[in-house]
Amino acid sequence: MGLDSGAARARMVTRIVQEGVRDPLVLAAMGLIERHRFVDTALANQAYEDTSLPIGLGQTISKPSVVARMLELLRLPLQNDGKLLGRVLEIGTGCAYQAALLSRISTEVYSIERLRGLHDKARENLRPLRIPNIHLLLGDGMLGFAKGAPYAAIVSAAGGEAVPQAWIDQLAVGGRIVAPVAGGAGPQRLLVLDKTPRGLVSSTLEAVHFVPLKSGLA
Ligand code: SAH
């Protein structure tokens with residue numbers, strides 16, 4: 001991976017378009033951010049395949065098509081007008097790949113991780129990229145991050161039983177939450193929650209496989 005990673009990314013973006021993602025800002029970000037920099041060198045040659053990959057401490061980075069889908073869902077309320085999202089809260093920094101993508105589609109990214117090992121790794125991964133609008137936080141994302149609120153969007157990379165009330169409280173009116181949520185006996189599903197002036201509107205979308213949302217630090 002290196003000189004020709006641009007071509008591999010372009011092929012990845014083509015596949016993502018075939019999966020139905022159309023948002024130009026999301027596609028531009030996916031074509032720009034070098035996913036191979038966020039995984040172990042031994043896995044770098046798989047970085048542009050549409051597969052989830054291990055990132056250490058039992059956690060995984062989602063496959064690119066799912067990441068792109070979630071980012072597009074976050075931006076849909078803006079109706080693809082090319083405007084950036086405002087402040088965004090990400091639960092589950094992991095290796096910071098999605099945080100780097102978010103930095104291209106929003107004005108400011110607050111990304112919170114509960115595992116110190118991954119929080120440190122995320123910092124290392126981002127250092128050479130010198131991205132000014134990402135704030136990495138070590139903490140329990142189930143509590144959100146009140147100091148950055150209100151958020152235009154909240155996205156979770158880990159799935160719980162329900163969307164924590166803190167996220168709803170910290171979401172701006174007009175804002176949107178995209179998160180995997182356990183489906184009882186059935187599979188985990190992607191949940192979209194819009195905070196409208198008249199109240200919450202939620203829709204449950206396709207089945208997904210995300211690592212569990214856990215409380216507390218480790
Ligand atoms: N967006 C990440 C994906 C990381 S996987 C990336 O691009 O790499 C999901 C992450 O959520 C894991 O690192 C896990 O430790 C973290 N996580 C789970 N529960 C959490 C919580 N309550 N607060 C913060 N992070 C949490």
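Nothing here was measured: the structure is a model prediction, and the numbers come from that model. All ligand and atom numbering here is 1-based and tracks the order in the structure.
With respect to atom 25 (N) of ligand 1, the closest heavy atom belonging to the protein is Arg114 N, 3.4 Å. Given atom 23 (N) of ligand 1, the protein heavy atom at minimum distance is Gly141 N, 2.7 Å. Scanning the protein for heavy atoms near atom 9 (C) of ligand 1, the closest one is Ala157 O, 3.3 Å. Protein heavy atom in closest approach to atom 11 (O) of ligand 1: Gly92 CA, 3.1 Å. Summary of contacts: the protein heavy atom closest to atom 15 (O) of ligand 1 is Glu113 OE2, 2.6 Å. The nearest protein atom to atom 6 (C) of ligand 1, hydrogens excluded, is given as Thr93 O, 3.4 Å; this is a heavy-atom distance. Residue, atom and distance of the protein heavy atom nearest to atom 21 (C) of ligand 1 are Lys214 O, 3.4 Å. Protein heavy atom closest to atom 14 (C) of ligand 1, with residue, atom name and distance, is Gln59 OE1, 3.4 Å.
Near Gly139, the atoms of ligand 1 lying under 4.0 angstrom from a non-hydrogen atom of the residue are 23 (N), 24 (C). Remark: ligand 1 atoms within the under-4.0 Å shell around heavy atoms of Met142 are 22 (N). Distances below 4.0 Å separate heavy atoms of Gln98 from the following atoms of ligand 1: 1 (N), 7 (O). Of all atoms in ligand 1, numbered sequentially from 1 with element shown, those under 4.0 Å from a heavy atom of Ala158 are 11 (O), 18 (C). Residue Leu118 approaches ligand 1 through these ligand atoms, each under 4.0 Å from one of its heavy atoms: 13 (O). Applying the 4.0 Å criterion to heavy atoms of Glu90 picks out, from ligand 1, the atoms 1 (N). Atoms of ligand 1 lying under 4.0 Å from any heavy atom of Leu213, numbered from 1 in the order shown and given with element: 19 (N), 20 (C), 21 (C), 22 (N). Every atom of ligand 1 with a heavy atom of Thr60 under 4.0 Å away is listed here by number and element: 3 (C), 4 (C), 5 (S).
Under the 4.5 Å side-chain heavy-atom criterion for ILVMFWY residues, a single connected hydrophobic cluster contains both Val67 and Leu76.
Residues Ile91 and Trp167 meet the side-chain proximity criterion, which asks for heavy atoms closer than 4.5 Å. In this structure, the side chains of Leu25 and Arg104 stay at 4.5 Å or more apart for every pair of heavy atoms.
Taking the six-membered ring for Trp and thresholds of 30 and 60 degrees, Tyr110 and His135 have nearly parallel ring planes, at less than 30 degrees apart.
Judged by distance alone, the side chain of Lys195 and the main-chain N or O of Ile168 form a donor-acceptor pair under 3.5 Å.
Under the 4.0 Å criterion applied to side-chain N and carboxylate O atoms, Glu124 and Lys121 are not assigned as salt-bridge partners.
Residues that satisfy the side chain to side chain donor-acceptor pair (under 3.5 Å) test with Ser111, not counting sequence neighbours, are Glu90, Thr93. Scanning for side chain to side chain donor-acceptor pair (under 3.5 Å) contacts around Gln170 gives an empty result, with sequence neighbours left out.
No N or O atom of Ile61 sits closer than 3.5 Å to an N or O atom of ligand 1. Geometrically, ligand 1 and Leu115 share no nitrogen or oxygen pair separated by less than 3.5 Å.
Of the heavy atoms in Pro212, only backbone atoms (N, CA, C, O) come closer than 4.0 Å to ligand 1. Of all the heavy atoms of Leu57, none lies under 4.0 Å from any atom of ligand 1, so neither backbone nor side chain is involved.
In this model, a donor atom of one side chain and an acceptor atom of the other lie less than 3.5 Å apart for Asp50 and Ser65. Side chain to side chain, Ser5 and Arg9 meet the donor-acceptor criterion of an N or O pair below 3.5 Å.
Here the straight-line distance linking atom SG of Cys95 with atom CD1 of Ile55 works out to 4.5 Å at 0.5 Å rounding. For the atom pair OH (Tyr48) and CG (Asp4), the distance works out to 10.0 Å, reported to the nearest 0.5 Å.
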